[in-house]
J.: 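Handing you this structure, nothing more for now.
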2 protein chains.
Amino acid sequence: MLATQPQQLDLVFAALADPTRRAILARLAQGEATVNDLVAPFDLAQPTISKHLKVLEGAGLVSRGRSAQFRPVRLEAGPLAGVDQWIGGYRQFWAQSHDRLEAYVKTLQAEESSRDD
Amino acid sequence: MLATQPQQLDLVFAALADPTRRAILARLAQGEATVNDLVAPFDLAQPTISKHLKVLEGAGLVSRGRSAQFRPVRLEAGPLAGVDQWIGGYRQFWAQSHDRLEAYVKTLQAEESSRDD
DNA sequence: CCTTAATATAGCCAATTAGCAATATAGCTA
DNA sequence: TAGCTATATTGCTAATTGGCTATATTAAGG
């Protein structure tokens with residue numbers, strides 16, 4: 001259950017492929033923000049940011065509120081959990097090489113301590 | 001150290017955004033494969049797969065060997081570790097809501113057990 | 001050598017995308 | 001109501017992308 005469907009992963013990965021969008025998420029990790037808050041740190045026009053937000057929203061990575069004429073944006077981490085789960089299937093592949101490295105280091109240490117020079 | 005640079009993440013996420021490319025990685029998780037091995041399961045032309053492989057290679061997600069006229073492809077999980085690390089910065093956000101869900105469930109159970117109807 | 005097999009490259013097309021400026025909409029506030 | 005502020009929408013462009021067919025390259029094997 002909860003297994004993110006492939007199509008959702010397409011959207012999420014595509015959304016994460018843009019550095020501006022990742023920066024937006026990083027900003028949102030510190031709390032809700034208005035569109036203008038998000039425009040400020042970038043050298044990009046407001047409509048450009050609005051478009052990025054639409055992409056993020058399409059991927060489920062952010063949601064929008066409504067408060068007067070503001071449309072506060074907040075982070076939705078759910079899809080990231082989906083990515084985490086997907087990537088879990090590959091974790092063994094780098095854990096493995098890490099283990100091998102560790103084993104190798106231990107071998108070196110063993111040699112070291114058994115040497116008498 | 002080892003902190004994957006943003007530009008690399010661009011390439012990796014972009015590579016992962018395509019379902020065909022993710023399927024290729026899934027296949028490679030079971031071991032090295034030739035280009036033809038990778039063409040077989042898809043209804044796509046060989047040059048199309050070669051192009052996908054180039055994208056994956058550009059992102060560092062696969063590497064190519066050479067054995068006669070074969071160019072065996074193998075999975076390189078390093079960049080996935082980079083993604084895992086990036087995503088780690090957000091892990092608290094879904095762990096948090098999971099905790100809240102758990103707390104809520106406990107509240108329900110507490111109510112349940114204290115009720116006398 | 002000539003042929004066949006594996007893969008890469010080139011060139012084309014349609015769709016998508018990141019950016020912009022201009023304009024529209026929506027909701028306060030005076 | 002008028003005007004100001006926040007945001008969305010529209011319409012444009014240049015670049016990128018996923019797919020194809022056709023062709024080039026590379027290496028074995030007869």
Side-chain angles (χ1 to χ4, degrees), chain A residues 6-28 31-76 79, chain B residues 6-28 31-76 79:
Chain A
Q7 197 194 347
Q8 167 95 345
L9 279 181
D10 288 8
L11 293 174
V12 174
F13 280 128
L16 296 178
D18 185 284
T20 299
R21 286 192 291 261
R22 289 198 307 277
I24 289 175
L25 293 182
R27 165 64 185 79
L28 292 176
E32 223 173 64
T34 68
V35 175
N36 272 340
D37 290 342
L38 296 172
V39 169
F42 300 102
D43 199 26
L44 293 174
Q46 169 262 313
T48 302
I49 298 295
S50 283
K51 212 189 221 174
H52 280 307
L53 289 175
K54 213 173 200 173
V55 173
L56 288 169
E57 193 176 7
L61 285 162
V62 306
S63 62
R64 319 290 310 263
R66 188 182 288 277
S67 162
Q69 69 269 64
F70 302 86
R71 305 289 316 277
V73 188
R74 60 176 189 286
L75 180 65
E76 294 293 339
Chain B
Q7 198 193 346
Q8 167 95 347
L9 279 180
D10 289 8
L11 293 174
V12 174
F13 280 129
L16 296 178
D18 186 285
T20 300
R21 286 191 292 259
R22 290 199 307 278
I24 289 176
L25 293 182
R27 166 61 186 78
L28 292 177
E32 224 173 63
T34 69
V35 175
N36 272 341
D37 289 341
L38 296 172
V39 169
F42 300 101
D43 198 23
L44 293 174
Q46 168 262 314
T48 302
I49 298 295
S50 284
K51 214 189 222 176
H52 280 307
L53 290 175
K54 214 175 202 175
V55 173
L56 289 169
E57 194 177 6
L61 285 162
V62 307
S63 62
R64 318 290 308 265
R66 189 182 286 276
S67 162
Q69 69 269 63
F70 302 86
R71 306 289 317 278
V73 188
R74 61 176 188 286
L75 180 64
E76 293 293 337

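Just so you know, these numbers come straight off a predicted model, no measurement behind them. Lettering follows sequence order; numbering is per chain, from 1.
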J.: Measuring from atom CG of L25(A) to atom CZ of R21(A), what distance do you get when rounded to the nearest 0.5 angstrom?
T.: 9.5 Å
J.: Can a side chain N or O of N36(A) be found less than 4.0 Å away from OP1 or OP2 on dT5(D)?
T.: no
J.: With the side chain of A45(A) defined as its heavy atoms from C-beta on, choose the nearest nucleotide among dA21(C), dC20(D), dA6(D).
T.: dA21(C)
J.: Let me know which of L61(A), I24(A), L28(A) forms a side-chain contact (heavy atoms from CB on, under 4.5 Å) with L75(A).
T.: L28(A)
J.: Would you mind reading off the distance between D10(B) atom CG and dT17(D) atom C1', rounded to a whole angstrom?
T.: 16 Å
J.: Between atom CZ of R64(A) and atom CD of E76(A), what is the distance when rounded to the nearest 0.5 Å?
T.: 12.0 Å
J.: Does OP1 or OP2 of dG19(D) have a side-chain N or O of H52(B) closer than 4.0 Å?
T.: yes
J.: Under 4.0 Å between a side-chain N/O of S50(B) and OP1 or OP2 of dA8(C), yes or no?
T.: yes
J.: Counting side-chain heavy atoms from C-beta on, which of dA8(C), dC20(C), dA27(D) comes nearest to K51(A)?
T.: dC20(C)
J.: Mind calculating the distance between CG (L53(B)) and C1' (dT9(C)) to the nearest angstrom?
T.: 14 Å
J.: Whole-Å distance between dG19(D) C1' and L44(B) CG?
T.: 8 Å
J.: Using the side-chain heavy atoms of Q69(B), tell me which of these nucleotides is nearest: dA8(D), dT21(D), dA28(D).
T.: dA28(D)
J.: dG18(D), OP1 or OP2 - any side-chain N/O from R21(B) closer than 4.0 Å?
T.: yes
J.: Please report, rounded to the nearest Å, how far the P atom of dA27(D) is from the CZ atom of F70(B).
T.: 13 Å
J.: Within the pair R71(A) and dG27(C), is there a side-chain N or O less than 4.0 Å away from OP1 or OP2?
T.: no
J.: Would one find a side-chain N or O of K54(A) under 4.0 angstrom from OP1 or OP2 of dT9(D)?
T.: yes
J.: Where do I49(A) and F42(A) come nearest, in terms of heavy atoms and distance?
T.: CD1-CD1, 4.0 Å
J.: Send over the distance from R66(B) CZ to dA5(C) C1', rounded to a whole Å.
T.: 15 Å
J.: Check whether any side-chain N or O of R22(A) sits under 3.5 Å from a backbone N or O of L16(A) as a donor-acceptor pair, and report yes or no.
T.: yes
J.: With a 4.0 Å limit, can you tell me whether R64(A) has a side-chain N or O closer than that to the phosphate oxygens OP1/OP2 of dA8(D)?
T.: yes
J.: Round to the nearest Å and state the distance from L56(A) atom CG to dA8(D) atom P.
T.: 13 Å
J.: Quickly work out the D43(B) CG to dG18(D) C1' distance and round it to whole Å.
T.: 14 Å
J.: Starting at CZ of F42(B) and ending at P of dC20(D), how long is that distance when rounded to a whole Å?
T.: 12 Å
J.: Starting from the 5' end of DNA chain C, give me the residue, A68(A) or V55(A), whose nearest nucleotide shows up first.
T.: V55(A)
J.: Within the 4.0 Å heavy-atom criterion, would you say D37(B) contacts the bases, only the backbone, or no part of the nucleic acid?
T.: nothing
J.: Please determine if a side-chain N or O atom of T48(A) lies less than 4.0 Å away from the OP1 or OP2 oxygen of dA18(C).
T.: no
J.: Has the side chain of Q46(A) got a donor or acceptor atom sitting under 3.5 Å from an opposite partner on the base of dA8(D)?
T.: yes
J.: Got a second to check how far S50(A)'s OG is from L38(A)'s CG, nearest 0.5 Å?
T.: 9.5 Å
J.: Report the residue (S67(A) or D18(A)) whose heavy-atom-nearest nucleotide on DNA chain C is the more 5′ of the two.
T.: D18(A)
